[in-house]
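Take a look at the structure set out below.
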Amino acid sequence: MQTIFTPSILSFIMASDDLRATRLEKAEQLRQQGLQPYAYRWEVTHQAAMLQEKYAGLPAGEEVEVEVSIAGRIMARRVFGKLAFFTLQDETGQIQLYLDKKRIEVTMAEDTTAFDRLKQLTDVGDFLGAKGTVKRTEKGELSVYVQNYQILTKSLLPLPDKWHGLTDVEKRYRQRYVDLIVNPEVRDTFRKRALITAAIRRYLNDRNFVEIETPVLQTEAGGADARPFVTYHNTLDMDLYLRIATELHLKRLVVGGFERVYEIGRIFRNEGISTRHNPEFTSIELYQAYGDYNDMMTLVEELITQPAQEILGTLQISYQGQAIDLTPPWRRITMNDAVKEQTGVDFSQFSSLEEAKSAAKAVGIKAIDDCDSIGRLLNEAFEQTVEATLIQPTFITDYPIEISPLAKPHRSQPGLVERFELFIVGRETANGFSELTDSVDQRQRFEAQAARKAAGDLEAHDIDEDFVTALEYGLPPTVGMGMGIDRLVMLLCDCASIRDVIAFPLLKPEVTGE
RNA sequence: GGGUCGCUAGCUCAGCGGUAGAGCACUCGGCUUUUAACCGAUUGGUCCUGGGUUCGAAUCCCAGGCGACCCA
């Protein structure tokens, strides 16, 4: 019998640790028996959860003479002399394989090695296909009573301890595939994430919103206060920036005649990493012509409660031990009133910055030396005193114009804009406003931004001339909104860290030392 | 950026100045109703890296790496 191992592979095996070498040897033995350790296909007729559901009422000890064919990964092996129980896991769940030496040998064309092969050449981690009948064992475990089987993929590396599992968070993030194999709740989170984004898309599509993709690579990143990633285009010989928002392009689409547009896509911000920040994350932004920020707050309520109701089946959720009631309508309160409520200071009454600063200091607002306007001071006071208290869903409205360069001036309150942010569990969850449609005003706001950038503000941006030109052609009255999908999923799936809702979060490379 | 904690066998962990350990997994033997199967035997190590102190360092000290959490 010829070996398929080349000398270099053999030396690799010899140099490998025993665990891998042992399994490679088993794969080779399979080949020598004329069997393929890496099969091409397997006809699957049933999945574990289907069988568990369908035969939930099958009494212990009874067999159903139906033929089922399943496939999955071996998660546990309990092997006796002439009998074995394997736990097989597929995408839907687990089911036991009841492996009886006599039955397997009879049905597999009197193959007297078929059972021994299972005992000797399979390991936890291997993929196996199995056909047989359905039987609930004497001990009450629903099983596939196997008639024949095939090893589909030989696994070379051992899975984590079946009892303690994989708990090392670093390893879980670096080798998410292992995390997914052994931690069912992790699979569940990503499945829910997919359902949430699907529900959001369905909600918007049903209301005639059109999803349009806008550029990730841009010559100037704008639409938010954030530092961009810089990359380089070889043949154009120029720096390009990864987008920090989708806002300015989506509004161009509204100028172009799309009255309802949105985009769910990846955003990149060159900032620190924390339990709430990953350098790349997913946002949804949507724009609706002829509406204002009041309309959008109502839409946001639906956009969040519909998926919640659909996927969780309730609006009474729990986040890290805190009870959250998502039942709309949600409280709406202006930023000024919220700060007044919390501190007793009414910032709208001040006519000078000095007056406002001393009042702020008197109630313990810190680090206000850099605030160059009452509006910025109000925002600082809000962040320091109110934000963390907003546990139940709350819309904070009517923001200072200085910190909202793309929002429309308030129709009745000078110095403010028609903007809202949604807070849940003390975190900013969504941000929306009646869009600034006056191109002259927009140019002036951009110029103020550019001045801040020139003064050293790394999160400020230059004038986007083409965007101003688009506004000059005319943007209808429009309301827009942006929301972090990752944070929404964290909320709905009760995840403490953003890394729990991103399949492959950014980590520094591991130093292997080899 | 600052602070606290962690890094020891494939996994989960103990050991805290004197010969590197346990459980599970692996390997071998036994076993036709197990489900953390069981019984017996065996195997497995860059104690994150690099310096230092010491007769002797996984352990103490310094620097660095990676990660977690908290703060900014």
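Chain A is the first sequence line, chain B the second, and so forth, proteins listed ahead of strands; every chain is numbered from 1.
Side-chain contact annotation: D494(A) with Q320(A), donor-acceptor N/O pair under 3.5 Å present. Side chains of E285(A) and T246(A): a donor on one and an acceptor on the other come within 3.5 Å.
Closest to the P158(A) side chain, of the nucleotides C70(B), U33(B), A25(B), is A25(B).
For RNA chain B, the neighbouring residues in residues 486-500 of chain A, judged by any heavy atom under 4.0 Å, are S497(A), R499(A). Contacts between residues 169-181 of chain A and RNA chain B, defined by a heavy-atom separation under 4.0 Å, are made by V169(A), E170(A), K171(A), Y173(A), R174(A). Taking every heavy atom of residues 62-94 of chain A and every atom of RNA chain B, pairs under 4.0 Å involve R78(A), V79(A), F80(A), G81(A), K82(A), L83(A), F85(A), by number.
Taking atom P in both C38(B) and C24(B), the straight-line distance is 7 Å, to the nearest Å.
Other residues, nucleotides and ligands contribute more than 12 heavy atoms inside 6.0 Å of the CD atom of E67(A).
Note on K26(A): only backbone sugar-phosphate atoms sit closer than 4.0 angstrom, heavy atoms only; bases stay farther off. Residue contacts for G165(A): at a heavy-atom cut-off of 4.0 Å it reaches the sugar-phosphate backbone alone, with no base atom in range. Across all strands shown, L159(A) has no heavy atoms under 4.0 Å from either base or sugar-phosphate atoms.
With hydrogens and angles ignored, no donor-acceptor pair closer than 3.5 Å exists between the side chain of D161(A) and the base of G10(B).
If you check A41(B) for Watson-Crick or wobble pairing at under 3.5 angstrom, you find it paired to U27(B). Pairing of U49(B), defined by two Watson-Crick or G-U wobble distances under 3.5 Å, is identified with A63(B). Across the strands present, A14(B) finds no partner; the criterion is a Watson-Crick or G-U wobble pair with both atom distances under 3.5 angstrom. Nucleotide A20(B) forms a pair with no other nucleotide shown, judged by Watson-Crick or G-U wobble geometry with both contacts under 3.5 Å.
In terms of the salt bridge (Lys or Arg N to Asp or Glu O under 4.0 Å) criterion, R499(A) has no residue partners (sequence neighbours excluded). Residues that satisfy the ring-ring contact (aromatic ring centres under 6.0 Å, His included) test with Y145(A), not counting sequence neighbours, are Y98(A).
The salt bridge (Lys or Arg N to Asp or Glu O under 4.0 Å) analysis of residues 370-398 of chain A, with sequence neighbours excluded, yields the pairs D372(A)-R376(A), D372(A)-R452(A).
Between Y149(A) and F86(A), the distance from one ring center to the other does not fall under 6.0 angstrom.
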